There are 2 protein chains.
Amino acid sequence: VVGRYPSLMRDQYHVELDGISITLVEMATLVSGAIRDATTALLGADLRVAEEVIASDNVIDALQHDLDNRTVDLMARQQPVAGDLRTLVASLRMSADLERMGDLANHVAKVARMRYPVVAVPSELLEIVEKMAVVAEIVSNKLAVVIRDRDTDKALQLGVDDDEMDILHRRLFVALLDPAWPHGNEVAIDMTLIGRYYERFADHAVSVARRLYYLVTGEYADI
Amino acid sequence: VVGRYPSLMRDQYHVELDGISITLVEMATLVSGAIRDATTALLGADLRVAEEVIASDNVIDALQHDLDNRTVDLMARQQPVAGDLRTLVASLRMSADLERMGDLANHVAKVARMRYPVVAVPSELLEIVEKMAVVAEIVSNKLAVVIRDRDTDKALQLGVDDDEMDILHRRLFVALLDPAWPHGNEVAIDMTLIGRYYERFADHAVSVARRLYYLVTGEYADI
């Protein structure tokens with residue numbers, strides 16, 4: 001193909017390949033907004049924002065559905081070489097992780113809605129949940145850049161962020177297990193699930209980063 | 001290809017396609033054994049069985065890794081037509097769901113190990129957790145048959161089983177929220193996570209069944 005086109009033109013196939021990457025970045029950006037807004041709803045007992053996050057999960061799902069159809073369609077029409085094929089297969093997996101991250105933001109928003117007008121998070125846990133939420137937002141923001149720029153350094157950083165998430169997650173359990181815990185089981189159950197949602201959110205982000213790292217370098221990253 | 005081979009012989013390509021399906025059935029069978037054994041470990045505080053489940057998760061992971069490599073390799077070498085390509089893409093997704101089901105069985109076993117020699121499940125919740133575990137084992141057993149026989153009726157049954165799982169899951173929360181709950185937060189947290197592991201296990205099984213149904217019928221099942 002090289003030389004058949006003016007250097008600034010890309011053939012249709014490569015335009016479509018780029019388009020898949022662009023949609024993955026778009027998904028990561030939406031997911032980042034979703035977890036940020038879900039956190040706002042959770043920590044501020046903001047019902048309107050919670051409803052918005054819940055309603056917008058469909059947008060992320062639809063984006064994934066459309067992206068996956070385009071990806072499989074491209075595989076079928078273009079019979080890509082092994083390298084491109086691996087990129088396309090990785091895209092399918094990344095979109096599944098990103099879609100799941102949207103679900104998890106949705107779950108956080110649903111806890112906020114369920115407990116409204118009460119703030120689901122008790123005051124002494126606000127700081128730790130907020131820190132987990134900040135890490136979640138950071139990893140999803142970085143993820144958009146990792147995919148867009150094929151940035152392997154940033155991909156590795158996500159492993160460090162995820163370690164921080166795990167530390168916060170353990171701190172949350174320690175707080176829940178305090179013998180002087182005054183809030184009863186309902187709050188403990190909510191906080192157990194909330195903690196798991198944020199932690200799984202970061203896990204899926206790391207999974208995407210790991211795939212991107214492998215695509216770019218051909219090696220498995222220790223993240 | 002038809003007519004180029006004696007009727008009882010299959011060409012290499014179709015042998016490999018069948019092999020992928022056979023490995024998916026094998027994964028479903030292993031996952032079913034894993035959740036059954038994890039339940040044994042959980043309800044009987046059996047450390048040896050818990051350790052076996054935890055150790056054998058590697059087998060399921062390795063099976064997925066090998067299967068996915070074979071699948072992508074087949075795509076690259078055979079340039080399959082659209083129908084076969086969709087089957088192969090679906091196989092990648094099914095193997096991801098099955099691998100995750102193995103992880104969830106592993107999580108159940110880890111709770112059993114963490115609380116050993118105490119039984120992690122308090123006596124008044126044994127019945128409900130056992131029922132959730134029975135449903136989990138049923139769905140994974142059915143799943144092996146669904147994949148092996150491309151059985152769409154059984155695929156639909158998984159939706160009914162999953163509804164039962166959701167009812168049990170809600171019953172578990174009701175029990176945890178009983179104002180007379182005597183066990184404190186640690187047990188409540190364990191049970192919240194255990195409940196979620198079984199429920200997610202069934203969700204992933206339904207996801208596999210849904211994909212199989214679509215592959216066979218070309219229509220989306222309402223499960």
Side-chain angles (χ1 to χ4, degrees), chain A residues 64-65 68-69 71-97 99-100 103-104 107 114 172-197 199-200 203-204 207 211 220, chain B residues 64-65 68-69 71-97 99-100 103-104 107 114 172-197 199-200 203-204 207 211 220:
Chain A
Q64 187 208 12
H65 192 77
D68 286 1
N69 282 341
T71 306
V72 176
D73 186 56
L74 198 60
M75 286 178 178
R77 280 188 292 110
Q78 299 283 354
Q79 312 280 353
V81 295
D84 285 349
L85 184 63
R86 278 176 200 279
T87 301
L88 291 171
V89 167
S91 298
L92 292 171
R93 288 168 166 155
M94 291 185 200
S95 81
D97 279 311
E99 188 272 333
R100 185 72 198 144
D103 286 347
L104 291 162
H107 289 351
M114 187 164 55
L172 179 66
F173 278 122
V174 170
L176 294 178
L177 293 171
D178 186 335
W181 172 264
H183 297 291
N185 277 354
E186 186 174 277
V187 178
I189 292 169
D190 279 356
M191 289 303 101
T192 301
L193 292 173
I194 286 285
R196 187 152 174 86
Y197 299 150
E199 185 243 338
R200 290 292 302 154
D203 283 347
H204 284 285
S207 166
R211 289 188 201 292
Y220 292 104
Chain B
Q64 187 209 10
H65 193 76
D68 287 0
N69 282 339
T71 306
V72 176
D73 187 56
L74 199 59
M75 286 177 178
R77 281 188 292 110
Q78 299 285 353
Q79 312 278 354
V81 294
D84 285 348
L85 183 62
R86 277 176 201 277
T87 301
L88 292 170
V89 167
S91 298
L92 292 171
R93 288 167 166 156
M94 291 185 199
S95 82
D97 278 312
E99 188 271 335
R100 186 72 198 143
D103 286 347
L104 291 163
H107 289 350
M114 187 165 54
L172 179 67
F173 278 121
V174 170
L176 294 178
L177 293 172
D178 186 336
W181 172 263
H183 298 291
N185 276 355
E186 184 174 278
V187 178
I189 292 168
D190 279 355
M191 290 302 101
T192 301
L193 291 173
I194 286 285
R196 186 151 175 87
Y197 299 151
E199 186 242 338
R200 291 292 302 153
D203 283 347
H204 284 286
S207 165
R211 290 188 202 290
Y220 292 104

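Every chain is numbered from 1 and lettered A, B, ... according to where its sequence line falls, protein lines coming before strand lines. All heavy atoms count here, side chains included; hydrogens, waters and symmetry mates do not. Owing to the predicted nature of the structure, the values given are computational and were not obtained by experimental measurement.
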*Name the region of Val89(A), side chain, backbone, both or neither, that has any atom closer than 4.5 Å to a heavy atom of chain B.*
side chain
*asked:* Strictly by salt bridge (Lys or Arg N to Asp or Glu O under 4.0 Å), give each pair with a member in residues 172-184 of chain B just once, sequence neighbours left out.
replied: none
*Under 4.5 Å, counting heavy-atom pairs only, tell me which of Thr71(A), Leu92(A), Leu85(A) racks up the most with chain B.*
Leu85(A)
*asked:* Using every non-hydrogen atom in the two residues, find where Asn185(B) and Ala188(A) come nearest and quote the distance to one decimal.
replied: OD1-CB, 3.7 Å
*When only heavy atoms count and the cut-off is under 4.5 Å, which of residues 189-196 of chain A reach chain B?*
Ile189(A), Thr192(A), Leu193(A), Arg196(A)
_Option in Arg77(A), Glu186(A), Arg100(A) with maximal non-hydrogen atom pairs under 4.5 Å from chain B_ = Arg100(A)
*Non-neighbouring partners of His183(B) that pass side chain to side chain donor-acceptor pair (under 3.5 Å), sequence neighbours left out*: Glu124(B)
*asked:* Does anything in residues 84-93 of chain B form a salt bridge (Lys or Arg N to Asp or Glu O under 4.0 Å)? List the pairs, not counting sequence neighbours.
replied: Asp68(A)-Arg93(B)
_Segment of Leu176(A) engaging chain B (4.5 angstrom heavy-atom cut-off)_ = both
